[in-house]
Amino acid sequence: MAYSGEPILAEDLLFRPVHSLIDQSLHSRLGATTTNGDGFGIGWYGEGPRPAVFKDVEPAWNDRNLREIAAQVRTSLLFAHVRASTGTAVQRSNCHPFRHGHWLWMHNGSLRDFHTTKRDLMTAVDPALFTDIEGSTDSETLFFLALTFGLVHDPFGAVARAVGFVEDVSRAYGIEAPVQMTVATTDGESMWFFRYSTEHRTRSLFYSDDVAKVRALHPEVEALRRLGEEARFVVSEPLRDLPGAWNEVSESSAGVVRAGHDESRPFHPIAP
């Protein structure tokens with residue numbers, strides 16, 4: 001779940017919605033696994049340009065520290081993720097969101113047969129960035145490949161080049177349909193999101209509609225009155241069953257959310 005808008009308590013985003021991310025950690029309806037208990041993480045922007053992160057290997061539904069923190073953290077940009085491991089270790093450094101400088105990154109999905117391509121992918125990371133990799137996941141590797149290919153200056157192009165590179169390497173090993181991803185990333189001001197898989201059967205991703213419009217449709221929902229006009233969500237699953245509130249991100253597409261401007265476009269990998 002990614003939120004951008006007026007400052008709001010993390011508790012209102014993580015715990016109060018009927019189908020909150022905490023509920024999804026136990027009862028995912030659209031995910032590849034129903035239970036996502038292999039750790040969690042949140043990242044948020046506060047006083048400085050570098051975001052804070054809080055991550056643990058406990059299941060999100062069972063972590064009292066997360067509930068304590070969520071009741072006190074107020075932020076205008078929050079990333080939150082619950083993890084189901086696809087084969088790498090359950091450890092703090094493998095929990096999302098991943099951070100580098102003032103950037104955050106979350107990934108839902110996998111790079112197929114990552115153990116086969118890992119060496120090729122890792123050695124393609126810019127040497128100046130390589131030592132900052134903390135964990136062992138395909139998700140963090142994809143983040144650092146995107147950084148290597150220019151994420152800071154051209155997020156759309158950098159992710160397209162990173163995905164194209166992964167597909168090219170995988171093809172050399174005879175790996176079919178190597179990329180499955182929904183991704184959210186942010187520099188603290190804008191928020192980019194991507195939905196793509198090589199076989200074009202990508203996991204679910206949704207974005208929220210204009211708050212004023214949804215508020216008019218559902219005046220009985222008190223939570224909507226706490227959201228500012230610029231509030232936007234990008235989520236793997238809708239947080240509430242509100243007709244007219246959610247739009248599915250199109251297959252093979254990407255978008256950006258920033259104050260006063262939202263944009264979506266087709267997404268196509270760029271081969272090396």
Side-chain angles (χ1 to χ4, degrees), residues 1 21-22 24-43 53-63 79-100 104-125 129-149 159 162-185 193-205 236-237 269:
M1 182 205 71
L21 192 69
I22 306 305
Q24 291 177 37
S25 66
L26 265 173
H27 307 294
S28 172
R29 294 179 292 191
L30 301 178
T33 59
T34 302
T35 303
N36 299 272
D38 294 328
F40 69 89
I42 61 173
V53 294
F54 174 68
K55 304 195 280 189
D56 206 339
V57 296
E58 293 290 326
W61 69 81
N62 196 40
D63 194 285
F79 270 28
H81 187 278
V82 291
R83 182 174 186 244
S85 173
T86 56
T88 49
V90 178
Q91 60 192 42
R92 184 187 181 280
S93 59
N94 284 345
C95 294
H96 311 223
F98 301 103
R99 176 181 62 189
H100 185 268
L104 291 174
W105 172 280
M106 300 187 294
H107 169 221
N108 182 29
S110 64
L111 305 183
R112 180 170 290 174
D113 289 342
F114 178 58
H115 64 283
T116 299
T117 59
K118 182 176 181 178
R119 182 180 181 277
D120 297 68
L121 300 181
M122 294 283 280
T123 54
V125 172
L129 299 169
F130 187 85
T131 55
D132 293 332
I133 298 175
E134 296 182 355
S136 57
T137 64
D138 50 355
S139 299
E140 187 178 20
T141 300
L142 186 60
F143 178 30
F144 275 80
L145 284 172
L147 287 165
T148 297
F149 288 118
V159 175
V163 171
F165 179 75
V166 171
E167 290 184 331
D168 187 66
V169 169
S170 300
R171 194 176 300 114
Y173 286 95
I175 298 169
E176 296 183 1
V179 177
Q180 170 67 244
M181 71 168 208
T182 58
V183 161
T185 188
F193 55 92
F194 303 82
R195 185 183 182 211
Y196 173 80
S197 61
T198 308
E199 57 186 344
H200 305 299
R201 296 175 60 187
T202 311
R203 296 181 185 179
S204 59
L205 193 66
S236 293
E237 301 183 24

Heavy-atom donor-acceptor pair, [X] side chain to [Y] backbone, under 3.5 Å:
X: Thr198; Y: Val179; value: yes
X: Arg203; Y: Gln180; value: no
X: Asp38; Y: Val90; value: no
X: Arg92; Y: Val57; value: no
X: Asp113; Y: Pro178; value: no

- What orientation do His96 and His107 show, parallel under 30°, tilted 30 to 60°, or perpendicular over 60°? tilted

- side chain to side chain contact (heavy atoms under 4.5 Å, CB included) with Met181: of Asn108, Leu111, Val163, only one passes, and it is Val163

- If every non-hydrogen atom of Ser236 is compared with every non-hydrogen atom of Ser204, which pair is closest and at what distance? O-OG, 2.7 Å

- Indicate yes or no: at least one non-hydrogen side-chain atom of Leu104 is less than 4.5 angstrom from one of Arg99.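 SC-SC contact between Leu104 and Arg99 confirmed.
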
- Please examine the side chains of Phe144 and Asp132, heavy atoms only from C-beta on, and report whether any two atoms are closer than 4.5 Å.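 A side-chain contact under 4.5 Å exists here.
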
- Hey, are Thr88 and Arg83 close enough side-chain-wise for a donor-acceptor pair under 3.5 Å? yes

- Message: Would Phe194 and Thr202 count as a side chain to side chain contact (heavy atoms under 4.5 Å, CB included) here? Give the steps.
- Response: CA-CA 10 Å; Phe194 303 82; Thr202 311; over 6 Å; no

- Note on the structure: Only residue of Phe79, Phe193, Phe143 satisfying ring pair (Phe, Tyr, Trp, His ring centres under 6.0 Å) with Trp105 is Phe143

- Does a sphere of radius 6.0 Å around CD in Glu199 hold more than 12 heavy atoms from other residues, nucleotides or ligands, not counting ones at 6.0 Å or beyond?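 Enclosed: over 12 neighbouring heavy atoms sit under 6.0 Å from CD of Glu199.
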
- Task: Apply side chain to side chain contact (heavy atoms under 4.5 Å, CB included) to Thr148 and Phe165, showing your working.
- Result: CA-CA 11 Å; Thr148 297; Phe165 179 75; over 6 Å; no

